[in-house]
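A note on names: the letters A, B, ... follow the listed sequences, proteins ahead of strands, and every chain is numbered from 1. What you are looking at is a predicted structure, and each value in this text was computed from that prediction instead of being measured.
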Amino acid sequence: MNLDWNWDVVGDFMPVFWEGVAITLRALFLGSLTAFALGLVWALALRSPYAWVRWPVTAFTEFVRNTPLLVQLFFLYYVLPEWGPSMSALTTGIVGLGLHYSTYTAEVYRAGIDGVPVGQWEAATALSLPRGRTWLAVILPQAIRRVLPALGNYVIAMLKDSPMIAVIGALDMFGEARNFSNETFTTEAYTIVGLAFLVIAYPASLLIRFLERRLVLTS
Amino acid sequence: MQTPPTNDGGTNDSGTNGTRANGSELVRFDKVTKRFGGTTVLDRLDFSVSTGKHVTLIGPSGSGKTTILRLLMTLVRPDEGTIRVDGDYLTHEERGGQLVKAGDRHVREVRKKIGMVFQHFNLFPNMKVLRNVTEAPVHVLGLDKDEAEQRGRELIELVGLTEQLDKYPSQLSGGQQQRVAIARALAMRPQVLLLDEVTSALDPELVAGVLDVLRDIATTTDITMLVVTHEMNFARDISDAVLMFDQGRIVESGSPDKMFSDPEHDRTREFLSTVL
Ligand SMILES: Nc1ncnc2c1ncn2[C@@H]1O[C@H](COP(=O)(O)OP(=O)(O)O)[C@@H](O)[C@H]1O
Ligand SMILES: [Mg+2]
């Protein structure tokens, strides 16, 4: 092991580092979209008048939220293909991240929906707006607006969990750094990747704080 | 029978149980009981409102006025009794000669005849003024967008807010928001307009503007109105009949002149002395 900092090593790492950055951002983007969409499905299902809809969704989301992401990734990658489709490591990673975080975004949406004043539902009823239209045009726009910062915080949390997809073989920043370091017997790549996470996450959290303040000011 | 005989203007006594509503009755309550938890808020209430009439409900806080309007708007459902609008049962359906609880579709159809303006406006804050007014005509009545917008603009002009067409509700004063809410309700062309203390959340200097718009609507249209208000001058100006409520029952009813100048019941006199 070489403990001295070597800029040549950094230079050698750069080409694969950028590939890793692209994969990390792709996993984050698609994972977030999945989490946003599925979370909404769960949140709406949990408000269903039918117990046979609510019950399985409650069981499933509680289960996913209360088991480790790492175990879920292993399950999706190594166990699921025995019965179902087998997906690439990256796709599995995206599905795993999206699914795991959807159980958190579901809670966020729930709080947002509960926060819409009852008068909005009553106005929609008084105008005879159909149920679907009430959700789409009245309730969800207001609910989502007020939970945007909370959703943003989960995107950052997902970013910080994203290196886990490397353990099933996806080549995100961390996966690239691990391979590179193992092959070259160096450690610089880990430092670079650590800094890269900071460089992405910190401005993002500043942006969310800004959003939060703006929401407070305009509502 | 809870209702004292009333033949003044808007209300008819419902002495003919079981018979079909007569043609000019637009709203009819028959033995309507509403309870919240253990308390009976309305107790076998009977009353009716004729087409085109403006009826004002007065009475102390908690006497059940809001509940009556919310029953009509189907925001709450009666525990007993029936409500008819334009001859149709509101939350019931006749099926095989039996009166049963109505399905959603039936309720939706009958409810389209009713519009409501709320104390706290309840505008959609995520929509601009014009879209607040066109949303339901487009998605409930099925008007095409251009037609709905043209009608929307006319209504917004009627309530004096043409300049504010492109603003969000949060950019308007309370009085302006309430006028948008009135336009929004009228855009559905309801036969009955329900107004529940529509000026009581407003700063005093904004009340007159809203009442002027409502006076205008009351005199220039043939819409039927059920009004809950503490603005007694306004009530006197626009009402055909006034119903005095206390503890979920009609204590007294009559023309505004009689009710405000020479009420028969102590309870009415007592109440009026607190608000006039
Ligand atoms: N949703 C509700 N739950 C419980 N009690 C209610 C509800 N709505 C109204 N009430 C009660 O019903 C009574 C009549 O209320 P309301 O119709 O609002 O009277 P008013 O409009 O004449 O002041 C009051 O005692 C009130 O507390
Ligand atoms: Mg009230």
Side-chain angles (χ1 to χ4, degrees), chain A residues 36 39-40 43-45 47-54 105 108-152 210-219, chain B residues 66 69-77 104-128 131-142 148 168-171 177 180-190 192-196 201:
Chain A
F36 292 164
L40 188 55
L44 294 179
R47 296 182 67 101
S48 162
Y50 306 109
W52 57 266
V53 174
R54 288 192 313 266
T105 56
V108 171
Y109 287 124
R110 191 188 54 75
I113 292 165
D114 288 349
V116 176
V118 66
Q120 294 291 303
W121 291 97
E122 294 184 346
T125 302
L127 293 166
S128 285
L129 281 185
R131 200 135 191 87
R133 193 66 202 165
T134 300
W135 277 107
L136 213 63
V138 178
I139 304 302
L140 288 180
Q142 296 180 54
I144 291 173
R145 187 184 136 87
R146 66 180 72 212
V147 300
L148 275 181
L151 290 177
F210 168 77
L211 248 172
E212 236 162 14
R213 241 175 304 133
R214 247 191 49 149
L215 280 179
V216 170
L217 287 180
T218 56
S219 64
Chain B
T66 293
L69 299 195
R70 289 171 63 82
L71 279 164
L72 264 168
M73 200 67 259
T74 69
L75 298 172
V76 293
R77 301 290 166 104
D104 275 353
R105 263 188 48 200
H106 174 90
V107 175
R108 186 176 293 281
E109 277 313 305
V110 183
R111 185 171 55 202
K112 280 186 198 164
K113 299 174 180 178
I114 306 167
M116 183 161 184
V117 181
F118 299 88
Q119 185 174 351
H120 296 286
F121 335 135
N122 297 352
L123 290 179
F124 303 131
N126 55 314
M127 300 179 193
K128 289 181 176 171
R131 205 169 133 222
N132 261 281
V133 177
T134 59
E135 177 68 20
V138 169
H139 292 279
V140 180
L141 301 182
Y168 283 97
S170 59
Q171 297 170 292
Q177 289 190 50
V180 175
I182 292 166
R184 180 176 71 171
L186 291 177
M188 289 296 285
R189 300 208 164 151
V192 191
L193 187 63
L194 311 177
L195 304 167
D196 190 9

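Of the listed residues (B:T74, B:V117, B:D104, B:N126), the one with the most heavy-atom contacts under 4.5 Å to chain A is B:N126. When each of B:M127, B:M116, B:E135, B:M188 is checked for heavy-atom pairs under 4.5 Å with chain A, B:E135 comes out on top.
The number of heavy atoms from other shown groups lying within 6.0 Å of CZ (A:R47) is above 12. Heavy atoms of other residues, nucleotides or ligands lying less than 6.0 angstrom from CZ of A:R54 number more than 12.
Heavy atoms of B:L75 lying under 4.5 Å from chain A belong exclusively to its side chain. Using a 4.5 Å cut-off between heavy atoms, B:F124 touches chain A through backbone and side chain atoms alike. For B:R131, the part lying near chain A is the side chain, with the backbone staying farther off; criterion is any non-hydrogen pair under 4.5 Å. For B:H120, no part lies near chain A; criterion is any non-hydrogen pair under 4.5 Å. Contact annotation for B:L123: only backbone heavy atoms (N, CA, C, O) come within less than 4.5 Å of a heavy atom of chain A. With a 4.5 angstrom heavy-atom cutoff, B:M73 touches chain A via backbone and side-chain atoms both.
Within the model, atoms OG of A:S128 and NE2 of B:H139 stand 14.0 Å from one another, a figure rounded to the nearest 0.5 Å.
At a heavy-atom separation below 4.5 angstrom, chain B is approached by A:R133, A:A137, A:V138, A:P141, A:Q142 within residues 133-143 of chain A. Interface residues of residues 111-122 of chain A toward chain B, defined by a heavy-atom distance below 4.5 Å and sorted by number: A:G119, A:Q120, A:E122.
When all heavy atoms are compared, the tightest approach of B:V140 to A:L127 is CG2-O, 3.5 Å. Smallest separation of non-hydrogen atoms from A:T125 and B:R111: CG2-NH1, 3.2 Å. Contact detail for B:F118 and A:A123: the closest heavy-atom pair is CE1-CA, 3.9 Å.
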